[in-house]
Protein chains: 2
Amino acid sequence: MNIGDVARRSGLPAKTIRYYEDIGLVAPLRGANGYRSFRDSDLHKLAFLGRARSLGFSIEDCRGLLKLYEDDSRASADVKSIAQEHLRRIEDKIAELQAMHRTLSHLVSACAGDDRPDCPILSDLAESDRDARPAGKGRR
Amino acid sequence: MNIGDVARRSGLPAKTIRYYEDIGLVAPLRGANGYRSFRDSDLHKLAFLGRARSLGFSIEDCRGLLKLYEDDSRASADVKSIAQEHLRRIEDKIAELQAMHRTLSHLVSACAGDDRPDCPILSDLAESDRDARPAGKGRR
DNA sequence: ATAGGGATTCCATTAACTGGAAGGTCAAGG
DNA sequence: CCTTGACCTTCCAGTTAATGGAATCCCTAT
């Protein structure tokens with residue numbers, strides 16, 4: 001299979017597939033013409049990757065999952081712990097977004113949204129008697 | 001004020017402040033020694049930026065908000081529409097994360113998490129009788 | 001032979017910083 | 001006067017996960 005077929009069948013853009021090869025997630029063969037030649041197993045891996053990515057797993061998570069996927073003697077506990085950790089990150093992110101949403105929707109509903117300059121949104125952002133922000137962004 | 005003071009007072013890392021100058025969000029003066037010299041107005045802008053960023057506004061949104069903030073003849077409608085658009089993006093993101101969360105938490109709870117290899121999480125990711133992506137990630 | 005649709009590589013760009021190196025500046029202490 | 005340490009400066013690279021585009025090559029059909 002050429003990359004175009006695999007792209008169609010896996011739903012991943014060809015660019016992305018090349019990128020995944022670059023970073024060592026798949027290793028298709030090469031034909032005499034230099035074209036990548038994908039086996040069924042490559043296609044399966046790519047489809048697996050697409051699904052894992054769509055669940056928000058990072059590339060590094062995907063690398064780990066793929067390794068476990070191919071390891072017949074894996075322990076499901078290892079898979080589960082990756083997934084649980086990811087679940088926690090998702091929960092954190094949701095909580096963070098919900099906090100933003102709460103604050104912002106209050107401000108938005110308090111704003112007249114007309115042609116006058118008075119704006120509670122700007123006033124709030126300009127408030128100087130408050131420290132930067134309650135919940136830190138928690139960068140990693 | 002030197003950058004260290006402003007960093008302390010605004011809560012932003014000095015690195016970030018320099019970056020914000022780079023991209024034209026603030027324009028501190030310079031002393032004879034080449035050090036940045038921040039006025040109170042610069043500090044206020046930076047604090048404003050810190051708050052806007054913590055609400056998840058993009059840098060470009062911040063640029064727009066800052067411009068409106070400094071424009072006495074602004075219309076609050078302009079501010080509101082930026083905020084509403086952002087609110088919509090937040091809602092989309094929350095929905096996307098919640099969908100991931102639903103799927104993943106089902107899988108996680110179905111996984112024994114022991115030393116055996118059987119794993120519904122991997123099985124699901126490997127399923128080939130399903131198309132790649134339920135809801136597109138909406139890359140734009 | 002030529003046209004078209006694929007394929008290849010390589011480079012740049014995105015968002016918003018962050019880390020680190022190499023070096024200049026300033027105030028205090030010996 | 002010199003050193004030490006805390007600041008400051010610039011510049012370059014790296015992060016995440018691709019994506020866009022250019023230049024070029026290959027294959028098939030007409």
Side-chain angles (χ1 to χ4, degrees), chain A residues 1-26 28-38 42 46 49-66 86 89-90 93 96 100 132-133 136-140, chain B residues 1-26 28-38 42 46 49-66 86 89-90 93 96 100 132-133 136-140:
Chain A
M1 265 179 295
N2 281 349
I3 201 167
D5 306 314
V6 180
R8 246 165 274 120
R9 297 219 233 163
S10 68
L12 295 172
K15 275 270 181 190
T16 300
I17 296 172
R18 289 194 195 98
Y19 171 67
Y20 285 174
E21 184 188 7
D22 257 23
I23 62 175
L25 289 178
V26 276
L29 304 173
R30 292 292 178 137
N33 54 10
Y35 285 18
R36 288 169 183 81
S37 174
F38 295 83
D42 295 317
L46 287 165
L49 287 168
R51 292 190 205 100
R53 290 287 300 128
S54 80
L55 285 178
F57 284 104
S58 71
I59 289 288
E60 286 318 305
D61 280 345
C62 288
R63 200 187 294 281
L65 290 170
L66 209 45
H86 179 43
R89 287 190 304 254
I90 289 176
K93 191 74 192 166
E96 187 191 332
M100 290 177 183
R133 197 99 318 226
K137 309 281 292 309
R139 6 185 130 322
R140 73 137 22 266
Chain B
M1 267 180 293
N2 282 350
I3 201 168
D5 305 314
V6 179
R8 246 165 275 120
R9 298 219 232 164
S10 68
L12 295 173
K15 275 271 183 188
T16 299
I17 296 171
R18 288 193 196 100
Y19 172 67
Y20 285 174
E21 184 188 8
D22 259 22
I23 62 174
L25 289 178
V26 275
L29 304 173
R30 293 290 178 137
N33 53 12
Y35 285 18
R36 288 169 183 80
S37 174
F38 295 83
D42 296 317
L46 288 166
L49 287 168
R51 292 190 205 100
R53 291 287 300 127
S54 79
L55 285 177
F57 285 104
S58 71
I59 289 288
E60 287 318 305
D61 280 346
C62 288
R63 202 187 293 281
L65 290 171
L66 209 46
H86 179 43
R89 287 191 304 253
I90 290 176
K93 191 74 193 167
E96 187 191 333
M100 290 177 184
R133 208 132 317 236
K137 310 278 293 309
R139 21 174 133 322
R140 27 121 87 264

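Computed from a prediction, not measured in an experiment: that's the story for all the values here.
Taking only side-chain nitrogens and oxygens, A:Arg36 comes nearer than 4.0 Å to OP1 or OP2 of C:dT8.
Comparing A:Ser58 and A:Ala32 against DNA chain D, the residue whose closest nucleotide sits nearer the 5' end is A:Ser58. Residues B:Gly4 and A:Glu60 each lie close to DNA chain D; by heavy-atom proximity, the contact nearer the 5' end of the strand is made by B:Gly4. Residues A:Gly34 and B:Phe57 both approach DNA chain C. Their nearest nucleotides, taken by heavy-atom distance, put A:Gly34 toward the 5′ side.
Between A:Ile3 and A:Tyr35 the shortest side-chain heavy-atom distance does not fall below 4.5 Å. The shortest side-chain heavy-atom distance between B:Met100 and B:Glu96 falls under the 4.5 Å cut-off. Counting heavy atoms from C-beta on, the side chains of B:Arg9 and B:Leu46 never come closer than 4.5 Å.
Within residues 16-23 of chain A, the residues having any heavy atom under 4.0 Å from DNA chain C are, by residue number, A:Arg18.
Applying the ring pair (Phe, Tyr, Trp, His ring centres under 6.0 Å) criterion to B:Phe57, with sequence neighbours excluded, gives B:His86. Applying the side chain to side chain contact (heavy atoms under 4.5 Å, CB included) test to A:Ser58 and every residue at least two apart in sequence or in another chain returns A:Glu60, A:Asp61. Qualifying side chain to side chain contact (heavy atoms under 4.5 Å, CB included) partners for B:Asp5, counting only residues two or more places apart in sequence or in other chains: B:Met1, B:Asn2, B:Arg8.
Look at CG on B:Leu46: it is 16 Å from P on C:dA16, rounded to the nearest Å. A:Ile3 has its CD1 atom 15 Å from the C1' atom of D:dC26, to the nearest Å. Atom CG in B:Asp5 sits about 7 Å away from atom P in D:dC8, given to the nearest Å.
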Every protein N/O within reach of nucleotides 21-25 of chain C N/O, cut-off under 3.5 Å:
residue	atom	partner	partner atom	Å
C:dG24	N2	B:Tyr35	OH	3.0
C:dT25	O4'	B:Tyr35	OH	3.2

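The overall bend of the helix from C:dA1-D:dT30 to C:dG30-D:dC1, read as the angle between its terminal helix axes built from five base pairs each, is 40° when rounded to 10 degrees.
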